[in-house]
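Quick notes on the structure that follows.
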Amino acid sequence: MKKYTPVIGLEIHAQLKTKSKMFCSCPNNAEAGSPNTYICPVCLGHPGTFPVINKEAVISVLKAGKALNCSLRDESRFDRKNYFYPDLPKGYQISQDEKPFCYDGYLEVGDRKIRINRIHLEEDTGRIVHNEKEKESLIDFNRSGVPLMELVTEPDIRSAEEARGFAKELQLILRYLGVSEANMNQGQMRVEVNISLCKENGEFGTKVEIKNLNSFRTVYNATEYEIKRQREVLERGELVVQETRGWHDQREETFSQRAKENAHDYRYFPEPDLPPLFLNESPFKKDGIEIGVELPKEKRNRFKEEYGVDKENEIEVFIDNREVADYFEETVQLALKKINKNEAKKEVGKIAKNYLFSEVLGMLNGGLVNETKINPLKFADFVVLVYNKKISSKIAKIVIKEMFESGKDASVVIQEKGLSEISDEGEIEKVVDEVITESQPAIKEYKEGKIEVLQFLIGKVMAKTKGKASPDQANKILKQKLN
Ligand code: ADP
Ligand code: ZN
Ligand code: MG
């Protein structure tokens, strides 16, 4: 069987979350209003109207370009992309052709660098809603003129997993930058996957484009499906046809939409109603634009190094959920202040992380961490008690559950439920004596050299004290008595 390597490039659109639309002052929240309420003559494309460039949108794209390691062009411009479609009343879309704002960047996915060819800015079109039952199609222009960023990668991706990984990482970056919500299920981020198979001799194959993928799952599944389909075509000795395919969600397969005989001729030309943009100059000043936030990759490294979080799935919970990460970091900071020992950061971080994942998030059951009754200050008190070994892990679980239910402080719970550790040696001795009396067969085994029995005896002491004895102390006293 011949070997083929998948060659994949992505084209990703993301809606920018600016206050107003790209070229008019209509509010940019298409989803909020009923159809055709956020519209004006400019975004409807009436003749005689003039577009005005939204500065915030331009700066958002430049920021994204910086975060994605791109070069930013000194002089740029908008172009007209001409085509006919009912959701595009002007008959052209204002986009960028030869002079995109950003070019030659890259994004690291795992340990691979995926090169970015370009990032440009354009306006979105309207939305057609097909009503099968009434046999009618309706057009909503709320979305027309919404600023859209388009990113095109080089064909550097080699697997479905990497394609999904790229889209996921891009979504995170756009969210961290605050330039787009990039929710795929709301159409705020849309992915197109270009796929071909490369033969062993390195020759690139014919590419197929899959359009309208609206979840990470479908990006992965459609890519996997298409790799398999193309391999089968080639193994049958046939040729892959250059075409655009769609993804059928129920049948879980790609299907042919239209053959791409010749490249589209959009007859691009410079948009005559807009001036060229000098991005070095006011009001853009590209060199002065700051990313201004910690990017996901930096945060991953920091969480590993500072708090010793080493499980990938745990790090990703922090990376995906900013409120969980903030809650955790605030807790650790408050706990460190209390014990006044900054070197304990990793250890305290580990305790906080463990109880956060195994108890708090579990009890929240998908709820928001900011809504738990255990605020960071209360959680920090609790973490300090565990750190100082004032409560055993068994008691800690009882305490955190009660804190979650009632919102009481850890110390109050411990007092009310009589859970504080028995530190009185006499009291522990009494229990140890009881255990020794009750466990004569085990004691005999111990004296015959079976030292594992000690663990069993400590367990009994812990059970009798309901976990309130310190295991270290129980161990010490037991050994003294037995030897
Ligand atoms: P087109 O002219 O058909 O639009 P482009 O060169 O603009 O093609 O590339 C569009 C997308 O297709 C890019 O993401 C690019 O990385 C990807 N691409 C280009 N060539 C291939 C190929 N042989 N196999 C897979 N993807 C490719
Ligand atoms: Zn408008
Ligand atoms: Mg192209």
Side-chain angles (χ1 to χ4, degrees), residues 4-13 18-30 33 36-46 49-54 57 81 83 89-90 94-98 100 103-107 113-120 123-126 140-147 150-160 162-163 166-167 170 190-199 202-211 213 219 222-223 226-227 229-231 234 239-245 258-266 268:
Y4 297 101
T5 311
V7 172
I8 301 165
L10 303 179
E11 293 166 279
I12 303 182
H13 286 90
T18 51
K19 279 187 231 43
S20 54
K21 287 188 183 180
M22 189 58 232
F23 298 114
C24 63
S25 55
C26 288
N28 175 17
N29 49 355
N36 297 310
T37 48
Y38 295 130
I39 51 175
C40 75
V42 176
C43 54
L44 285 178
H46 288 191
T49 57
F50 280 98
V52 177
I53 297 170
N54 181 335
K81 178 178 178 177
Y83 67 95
K90 286 205 293 269
I94 304 181
S95 180
Q96 297 190 281
D97 183 27
E98 284 169 11
Y103 60 99
D104 287 352
Y106 65 87
L107 172 58
K113 254 185 196 176
I114 309 299
R115 288 172 302 153
I116 292 165
N117 174 286
R118 59 187 283 149
I119 310 175
H120 71 252
E123 55 177 340
D124 209 344
T125 61
D140 174 11
F141 289 105
N142 280 352
R143 214 180 64 184
S144 103
V146 161
E150 179 175 351
L151 176 151
V152 182
T153 78
E154 296 293 344
D156 287 348
I157 294 169
R158 292 290 172 266
S159 68
E162 223 166 66
F166 185 98
L170 178 67
R190 301 164 229 161
V191 177
E192 286 156 32
V193 186
N194 297 271
I195 306 176
S196 66
L197 293 185
C198 177
K199 296 195 195 104
E203 202 181 296
F204 272 26
T206 307
K207 83 168 152 61
V208 165
E209 182 179 2
I210 313 172
K211 276 210 181 294
L213 300 172
V219 168
T223 306
E226 189 57 24
I227 290 170
R229 189 191 69 84
Q230 290 187 18
R231 189 187 307 126
L234 294 174
L239 294 175
V240 173
V241 181
Q242 183 174 349
E243 62 185 348
T244 301
R245 296 176 75 89
R258 60 183 146 88
K260 205 169 186 178
E261 307 91 26
N262 288 307
H264 276 291
D265 188 357
Y266 292 115
Y268 280 103

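In each ligand, atom 1 is the first atom listed, and ligand 1 is the first ligand listed. This chain uses plain numbering: 1 for the first residue, then up along the sequence.
- With a 4.5 Å cut-off on side-chain heavy atoms, N54 and S20 count as touching.
- Proximity of E209 to ligand 1, defined as any heavy-atom pair under 4.0 Å, is not found for any part of the residue.
- A heavy-atom distance below 4.5 Å is not found between the side chains of T153 and R115.
- Shown in contact with G205 at under 4.0 Å from a heavy atom are these atoms of ligand 1, numbered in order with element: 23 (N).
- You'll find the side chain of L197 reaches within 4.5 Å of the side chain of R231, heavy atoms only.
- Contact annotation: for V152 versus ligand 1, heavy atoms closer than 4.0 Å belong to the side chain alone.
- Every residue two or more places apart in sequence or in another chain that forms a side-chain contact (heavy atoms from CB on, under 4.5 Å) with Y266 is listed here: K81, Y83, H264, Y268.
- Looking at T153 next to ligand 1, an N or O pair under 3.5 Å apart turns up.
- Under the 4.5 Å side-chain criterion, counting only non-hydrogen atoms from C-beta, L151 is not in contact with E11.
- Taking 4.5 Å as the limit, every side-chain heavy atom of K113 sits out of range of all side-chain heavy atoms of L107.
- Taking a cut-off of under 4.0 Å to the non-hydrogen atoms of F204, the atoms of ligand 1 that pass are 23 (N).
- At least one N or O atom of P155 sits closer than 3.5 Å to an N or O atom of ligand 1.
- In this structure, the separation between CG on D104 and CZ on R118 is 11.5 Å, given to the nearest 0.5 Å.
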task = Give the intermediate values and the outcome of side-chain contact (heavy atoms from CB on, under 4.5 Å) for residues N194 and L10.
result = CA-CA 6 Å; N194 297 271; L10 303 179; over 6 Å; no

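- Within ligand 1, counting atoms from 1 as listed, the ones closer than 4.0 Å to a heavy atom of S196 are 22 (C), 23 (N), 24 (N), 25 (C).
- Close approach of ligand 1 to E154 (heavy-atom distance below 4.0 Å) involves ligand atoms 16 (O).
- The proximity of N117 to ligand 1, defined as any non-hydrogen pair under 4.0 Å, does not occur for either the backbone or the side chain.
- The side-chain hydrogen bond (donor to acceptor under 3.5 Å, both in side chains) check on N28 picks up T18, with sequence neighbours excluded.
- Of all protein N/O/S atoms, those under 2.8 Å from the Zn ion (ligand 2) are C24 SG, C26 SG, C40 SG, C43 SG, and waters are not counted.
- Remark: ligand 1 and K207 share an N or O pair separated by less than 3.5 Å (distance only, no angle test).
- Legend: residues meeting ring-ring contact (aromatic ring centres under 6.0 Å, His included) with F141, ordered by chain and number and at least two apart, are absent.
- Those atoms of ligand 1 that come under 4.0 Å of a heavy atom in V7, given as number and element, are 24 (N), 25 (C).
- Heavy-atom separations between C198 and ligand 1 are all 4.0 Å or longer.
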task = Begin from the C-alpha positions of R258 and E243 and carry the test salt bridge (charged side-chain N to carboxylate O under 4.0 Å, His left out) through to its verdict.
result = CA-CA 6 Å; R258 60 183 146 88; E243 62 185 348; over 6 Å; no

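- Each of the following atoms of ligand 1 lies closer than 4.0 Å to a heavy atom of L10: 14 (O).
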task = Step by step, work out the side-chain contact (heavy atoms from CB on, under 4.5 Å) result for I195 and T223.
result = CA-CA 8 Å; I195 306 176; T223 306; 3.8 Å; yes

